[in-house]
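Below: the structure, in structure tokens.
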Amino acid sequence: MNKNYLDELNPVQRKAVECIEGPEMIIAGAGAGKTRVLTYRIAHLMKSGVDPFNILALTFTNKAAREMKERIARIVGEGEAKNLWMGTFHSVFARILRSEAEKLGYPANFTIYDTDDSKNLIKAILKEQGLDDKIYKPGSVLARISAAKNNLIAASAYANNAQIQEEDRMAAKPKMGIIYQAYANRCFKAGAMDFDDLLFNTNILLRDHPKALLKYQHKFKYILVDEYQDTNFSQYVIVKQLAAAYRNICVVGDDAQSIYSFRGATIQNILNFEKDYPELNVFKLEQNYRSTKNIVGAANTVIANNKDQLQKNVFTDNTSGELIKVVKTESDNSEGNFVANSIFEIKMNEQAANKEFAILYRTNAQSRAMEEALRRQNIPYRIYGGLSFYQRKEIKDLLSYYRMAINNHDEISLKRIINYPARGIGDTTIDKIVVAANDHNISLWTVIENIKDFEIGLNSGTLTKVDDFATMIKSFSAMLTTHNAYDLGQYIAVHSGILRDLYADKTPEGVSRHENIQELLNGLKEFTENEITVEEEVKNEEEAENKEPESTSSQLLFTDTDEEQTSAENLKPAVTLNAFMQDIALLTDADKKNETEEDKNKVSLMTIHASKGLEFGYVYIVGLEENLFPSQMSLTDRVDLEEERRLFYVAITRAEKRVTLSYSTTRYKWGNLVYCEPSRFIEEINAQYLDLSAVGNNAMFEEEDYPSKSKTTSKKPEFVQRPIMGKKLVKVNAAAKGTSDFDTESLRNLQVGMQVNHERFGFGKVISMDGVFPNNKATVFFEGAGQKQLLIKFAKLTIVTN
DNA sequence: GTGTAATGCTATTGG
DNA sequence: AGCATTACAC
């Protein structure tokens with residue numbers, strides 16, 4: 001493999017790898033070997049003499065970065081690969097910001113707030129300002145602030161922008177600007193950055209500190225960005241700035257797989273790329289090596305329904321494989337049972353391993369039915385996403401102590417732990433402290449630390465309690481430099497009282513919480529014992545940078561980096577808790593490492609979003625129902641619907657051998673039974689790729705065997721649980737008289753030339769018919785919507801005239 | 001201030 | 001259905 005890596009590439013891939021200098025854009029269809037090209041390109045850069053310290057590779061997940069690093073290591077050797085700058089935007093720039101934080105007025109040990117932390121801070125601000133959190137919902141306030149930051153609009157600019165003010169007034173949220181300013185101010189005072197700040201502040205750094213800009217421009221002579229279609233404006237500007245000196249920028253993406261616009265990602269970045277770098281080389285990877293012909297064909301027919309897309313012809317030389325099976329079940333639980341049974345069967349018949357299976361869904365809430373069914377079948381599984389380990393209450397509690405020891409001013413952590421375990425400092429006391437802090441525009445910690453100087457009407461007992469708390473935190477802080485991560489972590493767990501509190505709780509939940517704390521402490525121990533590796537890494541970095549003669553100009557620019565290393569050296573010999581906490585907020589479950597083969601050999605459950613970039617032999621896409629997938633939030637806007645369709649495209653193209661689609665006619669939502677109709681996406685797949693035997697007459701007979709059931713159906717308007725939201729009510733009701741009530745039989749005699757009506761496409765004329773009723777399809781030309789292929793079973797056509 | 005019972009809200013998607 | 005916040009009794 002070592003020398004022949006170029007031979008493993010097809011001609012286009014090879015060109016993309018060998019073209020090293022200048023801007024490059026790789027448009028890669030699903031399964032076209034994008035990761036391989038990226039990996040080999042980096043390896044090739046290094047083989048060509050580029051120093052790994054000068055290569056920056058930005059990936060979508062930390063896991064992707066780690067895997068890519070491992071693959072590169074196999075080509076160029078581990079020692080070299082280790083020195084690559086590789087990770088997510090957030091983790092790479094968090095690392096850079098730590099060494100540059102003072103330039104921005106932040107402490108180097110700033111805290112990273114996750115979404116929960118951010119929402120809590122917003123809630124606090126709303127309460128202090130007497131604003132109604134029903135109008136200013138913390139989640140949507142945060143989303144609005146997030147969108148502003150991702151478009152590089154600072155709080156002050158936001159508050160002073162007439163157009164934005166008008167927008168917020170129209171949305172009945174005139175105070176948004178004030179909230180944003182308060183939020184930014186509080187984060188700053190707490191020495192905290194939220195996820196968006198990591199990118200926003202990197203932009204500030206590069207904009208306002210020319211020396212820093214120059215330094216990183218010369219440090220990152222070669223930049224690669226994976227999943228470029230899912231980058232936002234803030235990320236775009238960072239990359240543009242960093243690449244401005246050398247213009248060695250390579251981006252890889254697929255517009256058809258752009259699924260993160262809700263997070264500010266914009267396809268505009270791909271379009272801008274051609275404008276910014278007119279001299280660029282473009283490579284299109286169109287041959288799919290992952291999936292069967294049926295899967296590729298089906299995916300292509302789905303995405304063809306989108307108007308907005310770059311022209312691409314994804315094809316494969318793989319075998320046809322099996323048809324995509326569509327399965328109808330009558331409840332979410334039976335959908336789970338079907339999937340679990342099917343996995344069990346395939347495992348037996350085809351000797352497949354658990355890890356070859358994935359169950360993909362639109363929303364996390366759908367995992368439960370799947371989990372229960374898999375557990376009944378004794379099939380080991382693993383859920384990705386959802387509540388991560390680090391977001392569990394007990395873990396966040398303990399981490400809050402760690403965070404506060406490292407950064408005393410972190411107010412979210414402070415509020416979390418000041419009275420947990422209970423130590424008699426209640427809400428009224430905290431409120432008084434908050435008022436004092438706001439009055440003096442200082443952090444809560446500064447008030448607490450000097451609580452006896454603030455006359456805010458606390459009685460002497462409370463005063464002592466607050467003072468004791470401050471003393472405790474200070475004692476933890478003092479140990480940061482004298483104790484290693486594990487010793488201090490353990491010490492805090494004991495002396496904070498958390499361990500005792502959880503140990504006292506003998507309920508199963510309490511026991512489980514205690515176990516989770518133990519697991520965290522074990523992780524800490526492992527981290528601490530690896531200190532040699534960390535030290536070596538530091539040493540490696542020193543040696544490598546010293547031995548490699550830099551050009552004189554860039555050597556001058558590297559003075560700051562030297563400082564970094566001296567400070568790292570001071571931390572020896574112990575691995576500090578500070579080091580452990582560096583980017584823990586950025587870790588997700590998908591980033592777990594050190595797993596045994598047994599850990600890995602499990603069926604994967606995840607949202608389709610989380611499945612991006614992954615591949616599996618057998619893929620189940622469940623919950624293919626209107627209002628769920630596509631999500632009801634996407635139905636009013638073509639742009640949103642097209643993103644849902646791309647999501648479906650991503651889901652299908654995860655599979656190598658087999659795709660199974662399922663939908664259920666009923667489903668529990670918020671504890672209420674809701675009736676569902678099959679997703680429009682099913683009928684968007686050309687029928688030649690589908691196996692509809694499991695949705696056929698059998699299912700219809702079932703309906704007819706139990707006419708009482710459908711009667712109850714129509715008589716139950718109260719299954720809509722929130723009539724306040726009129727929009728939803730109408731839609732759910734509409735869903736109730738779905739396929740089950742539709743008389744497919746009336747279309748038995750549908751023929752070419754007939755006029756038909758379709759609920760979405762309107763009037764049309766049948767051009768051709770294919771297949772045997774009821775598993776047949778009709779090609780219809782609609783006056784308004786053009787030519788469509790429709791599955792008779794799903795399309796709900798009505799015959800207008802012969 | 002603390003602990004438990006009742007209430008009410010939630011479920012797109014995520015670093 | 002499950003979780004978080006709130007209300008209320010101690």
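Values reported hereafter were calculated over all heavy atoms of this structure, with side chains retained and with hydrogens, waters and symmetry mates removed. Chain naming here is simple, since letters A, B, ... match the order of the sequence lines and numbering starts at 1 in each.
Nearest-nucleotide positions on DNA chain B for A:Asp196 and A:Gly671 put A:Gly671 closer to the 5' end. Comparing A:Lys465 and A:Asn364, the nucleotide of DNA chain B nearest to each residue sits closer to the 5' end for A:Lys465.
The nucleotide whose nearest atom lies closest to any side-chain atom of A:Lys669 is, among B:dT13, B:dA11, B:dG15, B:dA11. Of all nucleotides listed (B:dT2, B:dA11, B:dT13), B:dT2 comes nearest to the side chain of A:Ala422. Listed candidates were B:dT10, B:dT13, B:dC9. Nearest to the side chain of A:Lys134 is B:dC9. The listed nucleotides are B:dT10, B:dG14, B:dT2; the one nearest the side chain of A:Asn419 is B:dT2. Of all nucleotides listed (B:dT10, B:dG1, B:dT2), B:dG1 comes nearest to the side chain of A:Thr429. When the nucleotides B:dG15, B:dA11, B:dT2 are ranked by their closest atom to the side chain of A:Trp670, B:dA11 comes out on top. Candidate nucleotides B:dG15, B:dG14, C:dA1 were compared by shortest atom distance to the side chain of A:Thr115, and B:dG15 ranks first. Closest approach to the A:Thr88 side chain among B:dA11, B:dG15, B:dC9 is made by B:dG15 (side chain taken as heavy atoms from C-beta onward). Nearest nucleotide to the side chain of A:Phe195, out of B:dG3, C:dA1, B:dG15: B:dG15.
Nucleotide B:dG15 holds its P atom 14 Å from the CG atom of A:Asn150, rounded to whole Å. The distance from atom OH of A:Tyr420 to atom C1' of B:dT2 is 14 Å, rounded to the nearest whole Å. Rounding to whole angstrom units, NZ of residue A:Lys149 and P of B:dG14 are separated by 21 Å. Between A:Lys63 atom NZ and B:dG15 atom P the separation is 12 Å, expressed in whole Å. Rounded to whole Å, the distance from CG on A:Asp114 to C1' on B:dG15 is 10 Å. What separates NZ of A:Lys119 from P of B:dC9 is a distance of 16 Å, to the nearest Å. One atom, CG of A:Leu628, and another, P of B:dT13, lie 10 Å apart when rounded to the nearest Å. Here the P atom of nucleotide C:dA1 and the CG atom of A:Leu673 are 11 Å apart, to the nearest Å.
At least one side-chain nitrogen or oxygen of A:Thr428 sits closer than 4.0 Å to the OP1 or OP2 atom of B:dG1. Remark: A:Thr607 is in phosphate contact with B:dG14, judged by side-chain N or O atoms under 4.0 Å from OP1 or OP2. Taking 4.0 angstrom as the limit, A:Lys123 places a side-chain polar atom (N or O) nearer than this to OP1 or OP2 of C:dT5. For B:dA11, neither phosphate oxygen OP1 nor OP2 lies less than 4.0 angstrom from any side-chain nitrogen or oxygen of A:Asn627.
A:Tyr420 carries A:Lys393 over the face of its six-membered ring, with the cationic atom under 6.0 Å from the centre and within 45° of the normal. Annotation: cation-pi pair A:Arg382/A:Tyr384 present, NZ/CZ under 6.0 Å from the ring centroid and within 45° of its normal.
Salt-bridge annotation for A:Glu509 and A:Arg513: absent, with no side-chain N of the basic residue lying under 4.0 Å from a carboxylate O of the acidic one.
Going from the C1' atom of C:dT6 to that of B:dA11 covers 22 Å, rounded to whole Å. Comparing the same atom, C1', in B:dT13 and in C:dA4 gives a spacing of 22 Å after rounding to whole Å.
Aromatic stacking of A:Tyr260 on B:dT13: not satisfied for centres closer than 5.5 Å together with planes under 30 degrees.
Residues A:Ile621 and A:Arg654 have side chains not in contact (no heavy-atom distance under 4.5 Å, counting atoms from C-beta outward).
For the residue pair A:Thr115 and A:Ser118, no side-chain donor N or O sits within less than 3.5 Å of a side-chain acceptor on the partner.
In this structure, the ring pair (Phe, Tyr, Trp, His ring centres under 6.0 Å) partners of A:His609, at least two apart in sequence or on a different chain, are A:Tyr260, A:Phe262.
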